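Here is the naming used below: chain letters follow the sequence lines, and residue numbers restart at 1 for every chain. From a predicted model like this one, the values you see are computed outputs, not experimental measurements.
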Amino acid sequence: MDQLDKISGQDTEPSNGQHRQTTLARKRPTAVLSQEERERQRQVAEARKKYGRGRPVRLNQVKDKKLKSALRRIENKYQDAVLGAKDAEILLENQSGFLQPESALERTYKVRQEDISEAVSVQQAKKSFELKLDLGPYCANYTRNGKQLLLAGQKGHIATCDWRSGKPGCELNLNETVRDAKWLHNDQYFAVAQKKHVYIYDAAGVEIHVLRKYVETSHLEFLPYHFLLAGVENSGFLRYTDTSTGQIVAEHPTRKGPPTALAQNPYNAILHVGHQNGTVSLWSPNSTDPLIRIQANTGAVRSIAMDRSGHYMLTGGQDSRLKLWDIRALKEVHSYSTRQPATSISISDRGLAAVVSGTSTTIWKDLLTAGNSSQPGKVQSPYLNYHSSLGTQVKPNTVGFCPFEDILGVAHSSGFTSLIVPGAGEANYDALEVNPYETRTQRREAEVKSLLTKLQPETIALDPNFIGSLDVRSAEQRAREKDLDAPSREEEKMAMLKERNRARGKNSALRRHLRKKGGKNIIDEKRVRMEQMRHEKSEREKERITGEKMELGPALARFVGGSR
Amino acid sequence: MKIKSLSRAPAPAGSDVVRQPRNLDPSQHPFERAREYTRAVNAVKMERMFAAPFVGQMGHGHVDGVYTMAKDPGSLERFGSGSGDGVIKVWDLVSREEVWSVRGHENIVKGICWTPDRKLLSCATDKTVKLWDPYNTESKSPPLATYLGQGAFTDISHHRTEPAIAVASGAISIYDLSRPASAPTQTLRWPTSTDTLTSVSFNQSETSVLASTALDRAIVLYDLRTSSPLHKAILNLASNKVTWNPMEPFNFAVANEDHNIYIFDMRKMTRALNVLKDHVAAVMDLEFSPTGEELISASYDRTIRLWNRDRGHSRDIYHTKRMQRVFSCKWTPDNKYVLSGSDDGNIRLWRANASDRAGIKSARQMQKIEYDQALIRRYSHMPEIKRIKRHRHMPKPIKKAGEIKREELNSIKRKEENVRKHSKPGSMLRQPERTKMVLGTER
């Protein structure tokens with residue numbers, strides 16, 4: 001005991017008139033943290049990485065005491081929410097599937113569907129089936145909750161069914177070309193792009209609406225949170241209709257000819273339209289010009305797919321290349337080569353990508369997940385392969401992963417095949433968002449609730465979280481931007497640079513700026529303005545030279561210089 | 001090769017309860033902000049749709065205008081009012097029926113208040129103060145006691161615990177109720193003041209302090225223990241009513257003739273704590289809520305307004321075509337309803353929060369209501385929500401009067417700024433808005 005007292009000198013009796021050293025109630029900021037505190041900080045950081053929204057406010061920079069205490073209270077609430085969400089993970093019941101090779105020589109792409117069917121439970125094995133249908137190459141679409149399946153054959157055959165139980169929904173023979181078919185907000189309605197117009201049918205197959213404004217629509221997409229049915233036509237027109245009110249919200253001409261692909265970004269409801277010249281343009285109903293134009297491939301863009309978080313995009317082009325794009329940074333990450341052009345791509349909830357090229361369907365894993373650096377690493381071999389038992393006569397047309405299930409639906413020229421892909425589906429769903437096992441009352445409740453929170457088309461933008469954020473630009477800047485005739489800040493800056501720069505020829509500040517700022521493949525509004533300015537500048541140069549030549553006369557014209 | 005496919009256990013057969021598992025992963029919940037904002041817009045619209053503040057009127061009202069009201073602090077049900085023809089009525093708040101009435105005075109009943117032992121006191125311009133017992137006597141019965149005074153009485157207030165009342169006329173007379181004699185025990189007055197006092201109020205928390213307002217634009221504070229006045233502050237215009245904050249004993253509010261309400265701290269009368277501006281005519285009556293956070297004001301412009309004591313403008317306005325000049329207003333002790341007594345003789349009962357509904361709510365209902373309120377608070381800075389939240393229908397004359405007032409005030413301000421711009425810097429100092437109305441203070 002005495003020895004312990006001697007060692008811990010701080011809490012003993014004061015000796016020699018020295019003041020008793022009391023331990024500080026508050027730790028200094030640079031004090032070494034104890035094990036528990038370090039552990040707790042690590043937990044909070046982990047929880048915040050997954051469940052955090054935005055960066056925390058720096059309280060030491062706030063001078064106002066009342067504001068500081070109010071902000072501290074809010075930050076504590078956020079921290080509690082984030083930790084609570086992390087703790088709630090214990091309630092997640094299901095685990096996702098996997099395909100794990102046991103030895104170093106085993107490869108996952110050698111596994112066949114028959115082996116998988118044998119290894120999984122009987123209930124799961126029943127989910128893998130094949131439907132042999134005639135009447136044209138088919139396209140398949142699952143509802144948002146994966147309960148019902150819609151099959152549309154190009155020769156006019158439409159069928160819906162509950163694929164798990166095999167109960168048929170409705171069957172129609174339209175006797176005219178059907179180009180695309182999509183479910184609307186639930187399994188009660190679906191839209192079919194027929195030869196001339198777009199028709200909307202009931203769950204029983206009764207035709208409810210004809211959308212006569214849509215003429216020769218080639219692709220359809222439904223934005224579930226905005227209740228917008230978007231269709232892109234052979235004439236290049238992109239039309240949005242609000243299916244709850246029936247109004248046409250926007251009609252934009254894409255001006256690039258017949259589009260070759262259409263996909264929606266589930267994160268921000270922006271439509272990606274693929275064109276014949278290899279560009280992908282991003283559209284929202286709020287502007288008549290595309291928000292961004294990306295030069296994705298050399299040939300026509302055959303297929304586009306986006307992952308659930310809206311971070312990455314896969315484009316397959318006629319040039320047999322499959323490109324991985326980072327949409328947020330607008331950069332090409334990787335470029336893969338396919339044997340034949342990739343005609344259909346689908347990305348599952350967990351990041352598995354199914355690619356159809358030629359007659360084979362290939363499934364890739366970890367295409368989108370991070371490698372050693374922050375960017376995804378290049379994947380060397382696929383995850384699974386599928387070749388139809390009927391051989392090369394069967395050409396897969398479209399692929400689509402079933403939400404919340406380990407199932408891939410391949411619609412091909414002679415029917416539909418459902419494949420088991422372990423690890424594709426999201427294991428734990430949120431019943432208040434999308435419920436794969438919903439009852440009739442739950443479906444009705446969900447429909448009413450989603451109609452009440454239907455988002456306005458004005459909220460569609462590249463960043464979906466801009467709502468509620470403060471507009472920090474000053475009033476001056478806003479007024480300046482309102483005045484469309486005044487030169488923009490970029491142009492003013494360029495004008496200043498031009499005046500300063502006396503160098504000749506190639507090192508023009510404008511060209512340097514363009515080289516540094518613009519990537520070769522991304523065109524957005526800033527770049528368009530830059531290009532315009534460069535064009536104007538070259539025009540002016542030409543005019544100056546011709547003017548001088550005329551002035552000096554034919555003999556002395558050869559002495560007129562190229563540039564000042 | 002280890003192969004496992006995702007399989008979910010089926011729901012147990014025969015169970016009624018439907019399972020709804022949750023997953024809080026943000027990637028499963030896109031458009032969070034936009035959906036929350038849409039819900040906030042819906043919530044604020046619903047709040048306006050359900051805003052029906054008028055509940056009913058008390059019985060058949062008075063014949064003449066209601067100029068004074070008093071709530072029994074010891075009861076949630078009883079409530080008294082006095083009118084211009086000398087009639088005093090006691091009402092039951094629950095059934096909104098008249099319980100007791102008497103023609104107590106010959107002139108206007110100017111002040112009415114309850115004693116701690118449930119007796120009613122009334123003072124009138126016929127120079128009398130009468131004590132009644134509405135609980136134990138019949139209607140139209142004679143008073144228990146009468147106190148005679150020198151001049152017409154304008155207001156009356158009772159001490160929190162002692163049987164002492166303060167009655168205002170030319171000076172404050174303190175009567176002792178335990179003594180049946182007619183003479184006042186004390187008289188409090190500011191030595192140099194000669195004008196009539198329009199209102200007097202005992203502080204219910206700091207029990208020996210009283211405040212009064214007078215026609216010479218003064219607010220005077222007195223202390224009973226020293227029998228002397230403490231402090232006097234003179235404003236630009238006269239005040240009609242002074243009321244103490246029940247939760248903060250040193251704060252009081254005055255209802256002024258210049259259409260404003262001023263909240264003062266009694267320790268520092270040179271500066272107001274807050275100025276509440278929204279009325280377009282003189283503010284006749286004022287009361288703090290039992291929580292001390294909100295105020296109700298009745299004004300000569302036929303409206304009553306509800307305020308939060310922190311903000312500068314009203315949070316709600318109540319008016320009816322049939323309600324003429326409102327002379328008195330009171331908060332009910334349960335903080336949920338307000339009462340207004342007006343010139344047309346009616347006493348009206350209104351909800352304090354226009355969209356509230358009384359009644360037992362289920363837990364889900366309560367949760368939805370609280371969620372809606374939190375959403376509105378969260379997005380209250382967005383222009384759409386701000387616009388819908390503050391939208392009120394106002395009678396045309398009041399709206400017009402407000403616009404004219406705003407224009408005139410802006411023009412005065414503009415002219416002042418111009419003069420300041422063209423005069424020597426430092427010659428025209430800016431005065432804070434909260435000190436502008438105080439002309440001077442004396443001790």
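- If you take CG on B:Asn42 and NZ on A:Lys454, they are separated by 11.0 Å, rounding to the nearest 0.5 Å.
- Both the backbone and the side chain of A:Phe404 come within less than 4.5 Å of a heavy atom of chain B.
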TODO: Go through the steps for A:Glu106 and B:Lys2 under the test salt bridge (Lys or Arg N to Asp or Glu O under 4.0 Å), then give the verdict.
DONE: CA-CA 11 Å; A:Glu106 277 190 336; B:Lys2 272 199 272 225; over 6 Å; no
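- A:Ala424 does not touch chain B: none of its heavy atoms, backbone or side chain, sits under 4.5 Å away.
- Heavy atoms of A:His311 lying under 4.5 Å from chain B are absent altogether.
- Here the closest heavy-atom approach between residue B:Lys4 and residue A:Ser96 is recorded as NZ-O, 3.9 Å.
- Of the possible polar contacts, none joining the B:Arg35 side chain to the A:Thr453 backbone as a donor-acceptor pair under 3.5 Å is found.
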Open item on the list: Could you go through B:Ser7 and A:Gln124, starting from their C-alpha distance and side-chain angles, then the distance that decides it, and tell me whether this counts as side chain to side chain donor-acceptor pair (under 3.5 Å)?
Closed with: CA-CA 7 Å; B:Ser7 60; A:Gln124 276 299 104; 5.7 Å; no
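- Distance alone, capped at 3.5 Å, places no donor-acceptor pair between the B:His29 side chain and the A:Asp430 backbone.
- With a 4.5 angstrom heavy-atom cutoff, A:Phe98 touches chain B via backbone and side-chain atoms both.
- Although no hydrogens or angles enter the test, the distance criterion places a donor-acceptor pair under 3.5 Å between the side chain of B:Asn23 and the main chain of A:Asn428.
- Closest approach of A:Gly468 and B:His381 over heavy atoms only: O-NE2, 3.1 Å.
- For B:Arg8 (side chain) and A:Ala427 (main-chain N/O), a donor-acceptor pair under 3.5 Å exists by modelled atom type.
- Residues A:Leu91 and B:Arg22 are not in side-chain contact: their nearest non-hydrogen atoms beyond the backbone lie 4.5 Å or more apart.
- Ring planes of A:His226 and B:Phe31: perpendicular class, angle over 60° (limits at 30 and 60°).
- For the pair B:Asp25 and A:Arg308, the minimum side-chain heavy-atom distance is below 4.5 Å.
- Closest approach of B:Ile3 and A:Asp115 over heavy atoms only: CD1-O, 4.2 Å.
- The shortest distance between side-chain heavy atoms of B:Gln20 and A:Gln442 falls below 4.5 Å.
- Of the possible donor and acceptor atoms, one in the side chain of A:Asp406 sits under 3.5 Å from a partner among the backbone N and O of B:Leu6.
- Put simply, the side chain of A:Lys449 does not reach to within 4.5 Å of the side chain of B:Arg39, judged on heavy atoms.
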